[in-house]
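Only heavy atoms go into these numbers, but all of them, side chains included; no hydrogens, no water, no symmetry mates. Just so we're on the same page: letters track the sequence lines, and every chain starts at 1.
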Amino acid sequence: MGEEEAYEFVTSTLEKERIEPYTREESEVVHSVQQCINCGICLSHCPVVAAVGIYRFSGPRSIAVELSRSPPEFWATGDTIYLCTGCGTCMEVCPKNVNIPEIVNMMRSRILRFRPDLVPKGLHVVRETILEHNLAFVPLEDVEDKTESRDMRLEHYGLPLIETPEEAKSEVLYYPGCQAEERSQEVREAAKIILDRFEVGFTMLEDMCCCGLPSRLMGDKDTAEKLASRLKQRIDELDIKKIVTTCAGCTSNIGDASFAYDWNVPVLHLVEFLTDEVGTDKLAKAFTKPRGKEKVKVTVHDPCHLIRHTSRQLMDKALLLLDLIPDVKVEVSTAADSCCGGGGLVAYHSKDVSKAVVKENLEAIRLLEAQRVVTPCPLCTAQLEDNLFQSGSSIEVDDLTVFIAQRLSNKG
Amino acid sequence: MTKSDVVVVGGGSTGTAVARDCALRGLKTLMLERDDIASATVGTCAGMISSGLKYMDEPHIVDMCSQEVVHLNRIARHIVMKNPILTPMLELSDLSSGGSFAEEYSKRAAKREVPPVLFLTPEDSLKIEPKLNPNIIASMYFEEFFIDPFRLCMLQAIDAQRAGALIRTYCEVIDITVKDDSVDEVLFYDRVKGDIERVKTKTVVNAGGPWAPGIAKMAESNVEIRPNKGAHVILDRRVVNVGIIAKAVDGRMIYLFPHENTVLLGTTALDTWEDPDTLVASHDEIEYLLQSMEWVVPSIREARIIRTMAGVRPLVANWKVPEDKVTRGYETIDHEFEDVRGLFSFTGGKLVMCRHMAETVTDLVCEKLGVKHKCTTHEIPLPGMEADVDILAFSADYGISQHAVERLRARRGTEMTRVLELTRENPDWRTTICACEPVLEAEIRYSIREEFPQNLNDLRRRVRLGTGPCQGTFCTYKASAILMEELDLSGEGFKVDILDFLAERWKGKRQSFRREQLVQEEVTQGMYTCVANLDQSEIEYDPKPWEGSI
Amino acid sequence: MNLEADIVIVGGGMAGLVAGTIASEGGLSSIVLRKGESATSMSSGAIDVVGYLPDGTIPFESPKEGLVALASLYPFHPYSILGFGEGKPAFAEKVITGVEAAVGWLKDKLKDSVAKIVGGLDSNILSLSILGTTKPTCLIQETMVSDGFANEFDSTLLFLGVKGYPDFFASAAAKSFLEQSEIEQEGPRKVAHSTVRISPFGNTCNISASEIARHLDHDDALGELLPQIKKTVDTLGATHVALPPILGIKNARGNRQRIEEEVGAIVFELLAFPPSIPGLRLQRALEETYRKSGGQLLLGHEALSAYKEKNRYVSVQAGAPRRSIRISTKAVVSATGKFIGGGLRGAEDGLTETVFNLMTVTGNLIQADNIRPYDYTSPFAVDTGGHSIFSCGLTVDPQFRPVMPDGQPDADNLFAAGSTLAGYDYLVEKSGLGVALVSGFYAGKNAADAAKEVD
């Protein structure tokens with residue numbers, strides 16, 4: 001047998017044995033997981049364990065010491081591994097900072113490859129959508145519908161429409177992400193308003209594509225990589241030096257890609273862009289009382305992808321921002337940093353689990369006198385909004401970007 | 001006094017195989033093991049049922065091994081795994097020495113339903129295992145089969161028992177009397193009951209492995225072996241996905257094999273004069289293995305070493321040749337030549353040959369006893385082999401996680417339903433006791449009731465209790481409580497079992513303490529020493545052989 | 001954007017949080033970097049001060065007695081350091097006063113918390129563990145107070161487990177305890193065991209401590225439990241009920257009180273293994289105390305490196321998963337823990353300190369940069385003499401400043417506290433959280449003084 005033929009034979013054998021070699025990056029994750037000392041501290045903090053118990057979800061410890069040790073058996077972990085919301089709480093409390101969210105992604109990638117029949121159907125649907133549209137949601141087919149939806153939202157939030165700058169070479173790319181592009185368009189528009197207000201030259205992609213986070217979370221490594229390199233290509237074409245996002249998931253995911261592939265392009269959430277690059281002096285002067293809006297008591301929700309996958313500093317900066325806005329009082333919820341249940345694509349197949357996870361948040365929010373919840377992520381916003389509404393609460397949820405845009409004075 | 005047709009001394013792979021063969025041929029069989037099933041040599045092997053990798057210059061043995069692999073795949077497929085293996089080559093000389101191996105291997109490949117040896121380019125090799133040294137010039141690919149050595153021995157013992165054999169563990173032979181130039185009686189000490197018993201028998205099979213010379217001596221006979229120490233380093237998980245074979249610092253072959261949910265790095269080969277019970281891997285052996293493997297897998301030291309294990313091979317007594325030139329075949333000694341009729345001993349042999357060795361000696365025993373039954377051990381499946389099982393269906397049916405059911409299947413095949421059935425009446429027994437493996441309470445209780453373990457270490461061999469990264473830290477006290485309940489032990493027994501198991505795990509952990517396992521040990525000590533204050537308990541604890549060796 | 005704090009504390013366990021709170025109380029701003037939860041959270045939640053001499057087999061009646069013994073026999077023990085005066089040897093009295101101050105301070109800080117503690121230096125408490133064994137400890141959480149059953153010959157002690165919760169087997173604990181007390185001819189004659197069913201999610205198996213505790217934190221969950229306990233207690237005539245520590249994360253004290261009232265017996269929690277609810281309660285209470293004092297707790301941040309100017313550290317670089325910040329500071333406390341916390345790393349090529357690259361030493365204060373851990377272990381897994389690898393760490397001057405090979409402190413303003421210190425084996429001495437508390441207390445004070453010097 002020639003060498004070429006031999007290689008083909010070997011790869012087909014490995015396929016049959018359900019073996020896919022670890023890539024270099026995966027080996028690092030494996031190295032992180034082998035630090036686990038079985039202490040179980042994660043079990044006392046994992047929001048999914050708290051929500052459904054370890055009989056249903058055996059928890060991060062079991063992922064580290066039991067489920068992730070032998071790749072040929074990964075297929076038999078599907079009843080557990082898809083329930084992880086990837087919130088990273090375990091990683092943060094772990095004495096060894098074991099990277100459970102990443103090993104979960106890796107295990108899901110092996111199930112998708114070798115036993116796609118065991119991948120929850122809901123994830124296949126998302127996968128199909130991404131493959132077809134390069135977006136996590138089926139886009140509105142009719143451009144006019146999309147425009148109409150946008151305008152209705154702008155009206156609802158009392159925001160003006162700002163012309164989208166033409167795609168052009170620019171230092172700064174504003175990247176809205178799928179949710180703000182297709183669903184919560186007010187977030188995208190609000191970000192444009194804010195950047196424009198502070199005279200930040202920026203550009204946007206004409207062909208917005210998903211950042212690849214949902215693909216990564218369902219274990220579709222190929223698509224995630226494809227989307228990342230597509231974004232990189234666009235960044236190069238446009239000479240982008242900095243990416244600004246308004247979505248927590250995009251911040252951490254594009255940040256991870258930039259780190260992993262040495263893009264040398266910082267990925268900032270709008271919040272830190274404002275505090276660090278625009279500066280608090282300028283910000284303080286720009287805020288005004290929104291028209292027709294009274295004093296407001298808000299509470300914040302900390303998106304996992306910001307606080308645990310990026311840095312807790314980001315929420316400190318968000319609070320700093322809120323502090324600069326007149327007539328806003330922040331009440332701290334005891335569950336502010338608890339996962340909203342929207343992570344890890346869990347809601348796409350196990351809605352009951354996702355709902356059980358968000359319950360703690362809702363209860364803590366209800367105990368406060370806050371009128372609104374503010375969070376710097378359109379995905380967390382939607383998840384909280386849905387669940388608060390369904391539970392009959394009158395508390396409203398705002399994306400922080402929208403909340404800020406509503407409170408900016410006019411230029412000049 | 002009881003009577004027996006044959007007394008088998010030793011409960012390793014060979015002893016249990018002999019007991020099974022004898023029982024299946026209708027002989028009244030008693031197997032005596034001074035410790036537990038698979039507690040010595042076989043319990044420290046890599047589980048490879050080798051096609052004869054290391055002894056290609058003994059073609060008849062390679063033939064036999066290949067045939068035995070076919071048999072084991074027929075009778076024990078549920079505990080057999082296939083490992084793809086790469087042999088990366090760093091120099092041209094490696095390539096030429098590989099060539100002759102490739103030829104011999106490939107001749108017999110089809111029989112075992114594996115491909116002939118394949119040669120891969122460095123680029124392709126790295127795609128298959130990115131951890132390899134990028135400077136390799138080529139690699140050789142082939143496939144080998146592996147078996148769970150503990151389960152193989154257990155299943156052989158259980159099958160023997162079901163065929164009527166008496167399997168007695170913790171029974172140490174203390175004398176074999178010879179009358180009129182024939183074996184007559186075997187005296188043994190029951191270590192659990194504290195009694196001495198005797199049994200009348202016409203034949204004795206000495207399958208004592210490294211202890212074979214001592215057993216022969218009791219019957220005024222002689223067996224000579226060349227005891228050879230082999231040590232392994234065990235990594236916490238599958239850090240490589242294929243097996244890797246490399247040339248060691250001294251030119252021997254060493255390997256890195258995925259095994260169950262761990263990886264084994266082995267092995268050393270040192271002539272030894274130590275008591276096998278006291279042996280532990282030395283720092284030199286650990287470094288020898290690590291440095292040797294580092295040449296082809298440069299990152300190997302980053303892996304977590306959870307423990308080491310060491311055992312003694314009872315090699316055939318060929319002297320004045322390097323260890324790897326000693327025959328890997330076995331010899332069956334009929335002691336009639338020194339006027340002791342009815343006593344048979346083994347020297348040499350490999351795990352893969354255990355059934356073959358049993359067949360040879362059982363033929364001799366039958367001849368001596370005038371029994372004409374033919375050997376069937378290569379045809380009759382071992383317990384649990386009947387069919388494939390639907391993991392997903394069982395998982396849903398019994399409300400047990402898929403992975404726990406899959407691990408249960410890997411140990412027990414279709415007989416896992418016996419464990420699952422226990423949970424119908426006792427749903428809380430679905431609780432996980434050993435989180436690393438996992439092992440459920442039901443399996444522990446089943447094993448205690450059906451597989452005669454006396455302590456936690458015996459349970460480890462049967463259910464892989466405490467074999468994961470934490471090395472028993474979190475399951476020891478739980479399993480000990482279950483053992484106490486099932487065997488109605490005292491409160492002292494409960495604590496003794498904890499200390500005994502911690503001591504047994506310590507034996508393997510201590511030699512290789514570094515990084516992660518040192519962290520793990522702080523947790524272990526924090527629990528048993530700091531919180532439970534067991535270092536101050538005044539219970540009667542028997543020091544272990546290896547504890548006194550320092 | 002960079003941060004500033006008078007004191008940066010690396011490590012968010014007992015030692016670090018105590019040091020941070022002390023700094024706040026001294027009017028200074030501080031930041032505690034907590035990379036993960038650690039040994040404090042893993043602990044049984046009881047605070048040992050000292051139970052035995054290293055290699056000793058007779059428990060100290062009181063921590064005071066132990067401190068005196070340590071001061072005379074082990075002058076470099078972290079406690080003994082408190083006794084150092086200007087060039088004078090350790091004075092036991094000074095040690096006792098010093099420890100007493102720290103203990104008294106902590107008791108006061110935690111008095112309204114979920115981890116309210118009782119006990120003191122005048123006597124060690126013999127606490128019962130989930131294995132039915134006892135150990136001498138100094139301070140226990142209120143929920144663990146067993147009210148001296150050990151002296152009551154006529155009491156009946158009931159060990160109560162939970163079905164499907166595998167971390168505690170009441171039958172084994174009962175037998176183990178009974179036999180021991182028969183040998184010692186102390187304690188209750190009658191011991192019983194039973195199980196109750198608490199099922200937070202309706203499952204019959206794989207129930208974890210935290211889900212039970214969280215369940216019982218909710219108002220009406222006790223309702224399911226109370227009649228079961230009452231029935232068992234009445235049937236067996238139990239006067240004392242030993243439970244695994246699952247009575248609640250937030251409301252354990254209230255729950256215990258309610259159970260005692262309803263069943264008419266003394267109810268207490270046992271010392272348990274990780275994942276430990278009392279450990280979690282203690283960790284939370286300490287964090288709460290620190291935050292309330294005005295300190296800033298930076299979760300998910302690890303100290304990557306520190307920068308020195310002349311002989312003082314001026315900043316610490318702290319890393320989160322995807323961001324890193326520089327914190328300017330006037331003094332630094334290193335409370336990074338031992339192997340679990342990650343302050344020390346042991347490998348085949350020696351023992352290293354992971355953040356500041358400090359000198360490591362063995363328990364006998366011999367340089368440990370090149371030691372092989374194996375050589376510092378006993379052949380026995382569980383040994384009264386312990387394993388000396390666990391007494392390795394940093395050696396400090398009387399100010400708790402880590403000392404380098406030249407005998408001089410690494411910096412004028414770097415202090416060390418907690419299990420990263422050498423010269424004691426908390427595992428066999430039963431002194432872990434006590435040393436962490438005391439060294440954190442004084443390292444914090446000294447760091448505050450050093451920071452004030454800068455102004």
- In short, B:Glu485 meets C:Ser171 closest at the heavy-atom pair OE2-OG, 2.6 Å
- Task: Give a yes or no on this: more than 12 heavy atoms of other residues, nucleotides or ligands lie within 6.0 Å of atom CD of B:Glu421.
- Result: yes
- Does any N or O in the side chain of B:Lys507 come within less than 3.5 Å of the main-chain N or O of C:Ala381, such that one atom is a donor and the other an acceptor? no
- Note on the structure: Given B:Glu504, B:Arg301, B:Glu441, the one with more heavy-atom pairs under 4.5 angstrom with chain C than any other is B:Arg301
- Task: Carefully, step by step, assess C:Thr204 and B:Arg430 under the rule side chain to side chain donor-acceptor pair (under 3.5 Å).
- Result: CA-CA 8 Å; C:Thr204 51; B:Arg430 292 174 300 168; 2.9 Å; yes
- Trace of the side-chain contact (heavy atoms from CB on, under 4.5 Å) decision for C:Thr377 with B:Glu521: CA-CA 11 Å; C:Thr377 55; B:Glu521 191 57 29; over 6 Å; no
- Item | Any side-chain heavy-atom pair of C:Glu179 and B:Ile539 under 4.5 Å | no
- Where is the tightest heavy-atom contact between B:Thr529 and C:Val382, given as atom of each residue plus distance? OG1-CG1, 4.0 Å
- Under 3.5 Å, is there a donor-acceptor pair between the side chain of B:Asn533 and the main chain of C:Pro136? no
- Backbone of B:Gln536 reached by a side-chain donor or acceptor of C:Thr384 within 3.5 Å: no
- Which atom of B:Ala532 lies closest to which atom of C:Leu131, heavy atoms considered: CB-CD1, 3.6 Å
- Whatever's closer than 4.5 Å to a heavy atom in chain C on B:Leu518 counts as both
- Task: Starting from the C-alpha separation in whole Å, work towards a yes-or-no answer on side-chain contact (heavy atoms from CB on, under 4.5 Å) for C:Asp383 and B:Glu547.
- Result: CA-CA 11 Å; C:Asp383 189 338; B:Glu547 290 172 336; over 6 Å; no
- Task: Identify which part of C:Ala272 has an atom lying under 4.5 Å from any heavy atom of chain B, answering side chain, backbone, both or neither.
- Result: backbone
- Query: What residue in C:Asp167, C:Thr137, C:Leu344 has the most heavy-atom pairs under 4.5 Å with chain B?
  - Reply: C:Asp167
- Task: Drop me the distance from C:Lys175's NZ to B:Met484's CE, to the nearest 0.5 angstrom.
- Result: 4.5 Å
- Please report the shortest heavy-atom distance between B:Thr431 and C:Cys205, naming the atom on each side. OG1-CB, 3.2 Å
- The interface call for C:Tyr52 against chain B, heavy-atom contacts under 4.5 Å, is side chain
- Taking C:Ser129 for the side chain and B:Val531 for the main chain, is one N or O donor matched with an acceptor at less than 3.5 Å? no
- Does any heavy atom of chain C fall under 4.5 Å from the side chain of B:Ser537, the backbone, both, or neither of them? neither
- Message: Nearest 0.5 angstrom please: C:Met42 CE to B:Met527 CE, how far?
- Response: 10.5 Å
- Query: Hey, is C:Glu348 close enough to B:Arg515 for a salt bridge, meaning N to O under 4.0 Å?
  - Reply: yes
- Task: With rounding to the nearest 0.5 Å, note down the distance linking OG in B:Ser490 to CG in C:Leu178.
- Result: 11.0 Å
- Residue pairs meeting salt bridge (charged side-chain N to carboxylate O under 4.0 Å, His left out), one or both in residues 46-59 of chain C, sequence neighbours left out, come to C:Asp48-C:Lys135
- Note on the structure: If one checks every heavy atom of C:Ile207 against chain B at 4.5 Å, the contacting part turns out to be neither
- Note on the structure: C:Asn206 and B:Thr432 have their tightest heavy-atom pair at OD1-N, 2.7 Å
- Toward chain C, the part of B:Leu502 with a non-hydrogen atom under 4.5 Å: both
- Query: Relative to chain B, which of C:Glu429, C:Lys338, C:Lys163, C:Arg372 shows the most heavy atom pairs under 4.5 Å?
  - Reply: C:Arg372
- Rounded to the nearest 0.5 angstrom, the OG1-CD distance for C:Thr57 and B:Glu538 is 8.0 Å
- Turns out that what part of C:Ile389 lies under 4.5 Å from chain B's heavy atoms comes down to side chain
- Interface residue of largest heavy-atom contact number with chain B, from C:Gly346, C:Gly386, C:Ala347, under 4.5 Å: C:Gly346
- Item | Which portion of C:Pro274 sits near chain B, non-hydrogen atoms under 4.5 angstrom | both
- Query: Under a 4.5 Å heavy-atom cut-off, does chain C meet the side chain of B:Glu522, its backbone, both or neither?
  - Reply: both
- Flag the one option from C:Tyr165, C:Phe390, C:Phe168, C:Tyr426 with the top tally of heavy-atom pairs under 4.5 Å to chain B. C:Phe390
- How far does CG of B:Leu489 sit from OG of C:Ser176, to the nearest 0.5 angstrom? 12.5 Å
- List the steps and the verdict of ring pair (Phe, Tyr, Trp, His ring centres under 6.0 Å) for B:Phe494 and C:Phe169. CA-CA 11 Å; B:Phe494 163 64; C:Phe169 280 81; 8.6 Å; no
- Check step by step if side-chain contact (heavy atoms from CB on, under 4.5 Å) holds for B:His283 and C:Tyr374. CA-CA 9 Å; B:His283 180 70; C:Tyr374 166 85; over 6 Å; no
- Note on the structure: Interatomic distance, CZ@B:Arg514 vs CZ@C:Arg345, rounded to 0.5 Å, equals 10.5 Å
- Does the side-chain contact (heavy atoms from CB on, under 4.5 Å) test come out yes or no for C:Phe380 and B:Tyr541, once each step is laid out? CA-CA 11 Å; C:Phe380 296 94; B:Tyr541 166 81; 4.2 Å; yes
- Message: If I measure from the heavy atoms of chain B, does C:Ser378 come under 4.5 Å with its side chain, its backbone, both, or neither?
- Response: backbone
- B:Glu492 (side chain) donor-acceptor with C:Gln180 (main chain) under 3.5 angstrom: no
- Minimum-distance pair of heavy atoms, taken over all atoms of B:Ile433 and C:Pro166: CD1-CB, 4.0 Å
- Message: Is B:Lys478 close to chain C through its backbone or its side chain, or both, or neither, when contacts mean heavy atoms under 4.5 Å?
- Response: both
